[in-house]
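One structure is given here, and the rest of the page talks about it.
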Amino acid sequence: MLDVLFDDVKRMNKRQFIYQVLSFGMIVSSALMIWKGLMVVTGSESPIVVVLSGSMEPAFHRGDLLFLTNYPDEPVRVGEIVVFKVEGRDIPIVHRVLKLHEKNNGTVKFLTKGDNNSVDDRGLYAQGQLWLTKKDVVGRTRGFLPYVGMVTIYMNEYPKFKFAVLGCLAIYVLVHRE
């Protein structure tokens, strides 16, 4: 299969090869521009996330694709589902705001909990951290598509699946090329 692909590349003249490379570059750069545009429009560093665990069931299930916004002027509310990052953890967490703690000086801190969890999230926060602040929030859930993110989960958990998908795409491109 790869031999056929390499043979096709070898048969291309310089102009065809450069055209293919530029076309691929345009596709990649278009995807990046769309992503950056979504970041600007939504105010979130990550406007789309995948739910990775069952901690928010029945509201969200593993594999649901969430759409986020994070506008700075919107106050955090009890009951709202937020996506937050904790110091020392790379993967953001999707949980519901359980309690608000407002001080007289205007600062707001809040506590979160997964709907399917028996205890609040203080055990997940950074060492010594008892509350989250607005700076910890990546975004607030505005909508979702059920189970669309399962492809991402399978690709991360089963690397062979990732190569199978890439192989199928390569075969599709070879069969359907002009």
Give me the atom names and distance for the closest heavy-atom approach of Ser44 to Val138. OG-O, 2.8 Å
Which is it for Arg142 and Thr69 under the side-chain hydrogen bond (donor to acceptor under 3.5 Å, both in side chains) test, yes or no, and what are the steps along the way? CA-CA 7 Å; Arg142 297 297 181 214; Thr69 62; 2.7 Å; yes
Could you tabulate the donor-acceptor pairs under 3.5 Å formed by side-chain atoms of residues 14-26, not counting sequence neighbours?
residue, atom, partner, partner atom, Å
Gln16, OE1, Asn13, N, 3.0
Ser23, OG, Tyr19, O, 2.9

For the residue pair Ile81 and Met56, establish whether any side-chain heavy-atom pair is separated by less than 4.5 Å. yes
Quick one: closest heavy-atom pair of Lys134 and Glu74, and the distance? NZ-O, 2.5 Å
Take the angle between the ring planes of Tyr125 and Phe84 and call it parallel below 30°, perpendicular above 60°, tilted in between. perpendicular
Give the minimum heavy-atom separation between Pro47 and Leu38, together with the two atoms involved. CG-CB, 3.7 Å
What is the minimum heavy-atom distance between Ile91 and Leu52, and which atoms define it? CG2-CD1, 3.5 Å
Applying ring pair (Phe, Tyr, Trp, His ring centres under 6.0 Å) to Phe60 and Phe144, what does each step give before you reach the verdict? CA-CA 8 Å; Phe60 298 120; Phe144 76 103; 5.1 Å; yes
Would Glu57 and Arg62 count as a salt bridge (Lys or Arg N to Asp or Glu O under 4.0 Å) if you check the C-alpha gap in whole Å, the side-chain angles of each, and the deciding distance to 0.1 Å? CA-CA 8 Å; Glu57 290 180 3; Arg62 190 169 189 256; over 6 Å; no
If you take all heavy atoms of Glu80 and Pro75, which pair is closest and at what distance? OE1-O, 4.1 Å
Non-hydrogen side-chain atoms of Phe110 and Val78 separated by less than 4.5 Å: no
Any carboxylate oxygen within less than 4.0 angstrom of a Lys/Arg side-chain nitrogen, looking at Lys109 and Glu102? no
Evaluate side-chain hydrogen bond (donor to acceptor under 3.5 Å, both in side chains) for Thr112 paired with Asp121, printing each intermediate quantity in order. CA-CA 6 Å; Thr112 56; Asp121 290 342; 2.6 Å; yes
